[in-house]
Amino acid sequence: MKIRKAVIPAAGFGTRVLPATKSMPKEMFPIIDKPTIQYVVEEAVNSGIEEILIVVSRGKEVISNHFDKSPELESILRKKNKLNLLEDIEYLSDRCNIFFCRQREAKGLGHAILCAKSFVGKEPFAVLYGDDVIISDIPVCKQLIDAFNKYNLGVVGAKEVDKDKIHKYGSLKVEHLEKNFFKCTDMVEKPTLDKIMSLYSILGRCILTPDIFDILEDTPPGVGGEIQLTDAMKYIARQKGMIMVDFEGKRYDMGNKLEIMKASVEIALTHPEIGNEFKNYLKDLDLSSDIL
């Protein structure tokens with residue numbers, strides 16, 4: 001079955017990057033000339049996704065405003081013959097349908113996905129975290145869709161993380177299949193040292209089947225008193241297994257201050273308009289100056 005739908009959870013408070021997120025969702029932090037969540041939506045669209053549901057919380061109306069039509073701006077750009085800019089803002093609206101729903105209570109990522117039950121229906125679907133930007137030649141979402149089509153099992157995108165950081169993420173029990181594909185048979189969220197199964201952790205992307213919703217409805221609150229998506233996926237992994245893809249791409253966690261700066265600098269270096277000038281600027285920086 002073709003994967004046509006994607007869910008993007010974007011309801012978190014972004015407390016790690018306060019005070020900026022007091023008035024601006026972290027999903028709207030700009031990387032050069034596009035907000036974070038636009039990179040995520042473009043990845044989904046470039047993977048063949050046709051319909052996207054973005055799960056937001058109160059105060060994040062700016063996200064839906066960003067993806068809405070802007071007739072006045074579009075008219076001005078046409079009159080001034082700035083057709084390249086017009087194409088940039090119309091690009092997504094012409095290629096996919098974007099919907100929104102509100103997570104009314106902060107009950108965790110698993111609950112946010114559960115909010116998408118009626119949108120998803122009986123289809124397999126992609127999940128792309130709204131604050132995880134992954135830059136890659138082949139969209140990571142497409143890498144996971146290809147794995148789903150090959151193995152007909154749910155898929156998680158993962159990378160190895162440092163042992164001293166694994167407690168911030170999750171740990172997967174995996175067996176190598178071929179190339180960058182692994183069988184995942186168990187997982188644990190935010191493990192203590194004695195619970196680490198491997199250094200592979202799910203980072204921002206997965207493909208799920210609709211049976212996840214019944215499991216989530218029966219999943220009690222876990223770590224942090226929230227309904228954890230990992231707990232529901234763990235049940236699936238133990239029952240029939242999932243596929244883990246050690247995906248190809250560079251991930252930026254836009255809820256982390258250092259990662260935000262890395263994304264801005266590294267993506268700027270390849271930007272078609274400012275890349276060369278910015279590279280020269282960095283080369284000319286006086287490393288002995290007071291600002292460094």
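Remember, it's a predicted structure, so these values are computed and weren't measured experimentally.
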### Task
Sequence neighbours left out, what passes side chain to side chain contact (heavy atoms under 4.5 Å, CB included) with Arg95? Give chain and number order.
Val45, Asn46, Tyr91
Can you name the nearest heavy-atom pair linking [X] to [Y], along with the distance?
{"X": "Ile49", "Y": "Arg4", "value": "CG2-O, 3.4 Å"}
{"X": "Val245", "Y": "Ala147", "value": "CG2-CB, 3.6 Å"}
{"X": "Gln228", "Y": "Leu216", "value": "O-CD2, 4.4 Å"}
{"X": "Arg205", "Y": "Val140", "value": "CG-CG1, 3.8 Å"}
{"X": "Pro191", "Y": "Ile166", "value": "CD-O, 3.5 Å"}

### Task
Could you tell me whether the side chain of His66 reaches within less than 4.5 Å of the side chain of Pro35, counting heavy atoms only?
yes
Has the side chain of [X] got a donor or acceptor atom that lies under 3.5 Å from a matching backbone atom of [Y]?
{"X": "Lys60", "Y": "Ala10", "value": "yes"}
{"X": "Asp68", "Y": "Ser64", "value": "no"}
{"X": "Ser75", "Y": "Glu72", "value": "no"}
{"X": "Thr209", "Y": "Pro124", "value": "no"}

Hey, is [X] close enough to [Y] for a salt bridge, meaning N to O under 4.0 Å?
{"X": "Arg251", "Y": "Glu259", "answer": "no"}
{"X": "Glu61", "Y": "Arg102", "answer": "yes"}
{"X": "Lys240", "Y": "Asp211", "answer": "yes"}
{"X": "Glu50", "Y": "Lys2", "answer": "yes"}
{"X": "Glu178", "Y": "Lys183", "answer": "no"}

### Query
How about Phe213 and Phe125: are their ring centres within less than 6.0 Å of each other?
yes
### Query
Between Tyr39 and Tyr252, is the gap from one ring center to the other below 6.0 Å?
no
### Message
Are Val62 and Ile37 linked, directly or through intermediate hydrophobic residues, by side-chain heavy-atom contacts shorter than 4.5 Å (ILVMFWY only)?
### Response
yes
### Task
Verify the cluster assignment for Tyr200 and Met187: are they in a single hydrophobic cluster under the rule of side-chain heavy atoms below 4.5 Å apart?
yes
Please set out all donor-acceptor pairs under 3.5 angstrom arising from side-chain atoms of residues 107-116, sequence neighbours excluded.
{"unit_1": "His111", "atom_1": "ND1", "unit_2": "Gln103", "atom_2": "NE2", "d": "3.0"}

### Query
Looking at Ile267, Ile135, Ile260, which one forms a side chain to side chain contact (heavy atoms under 4.5 Å, CB included) with Ile31?
Ile267
### Query
Name the one of Lys234, Arg238, Lys173 that satisfies salt bridge (Lys or Arg N to Asp or Glu O under 4.0 Å) with Asp186?
Arg238
## Note on the structure
Contacts satisfying salt bridge (Lys or Arg N to Asp or Glu O under 4.0 Å) that involve residues 153-169 (not counting sequence neighbours) are Lys159-Asp246
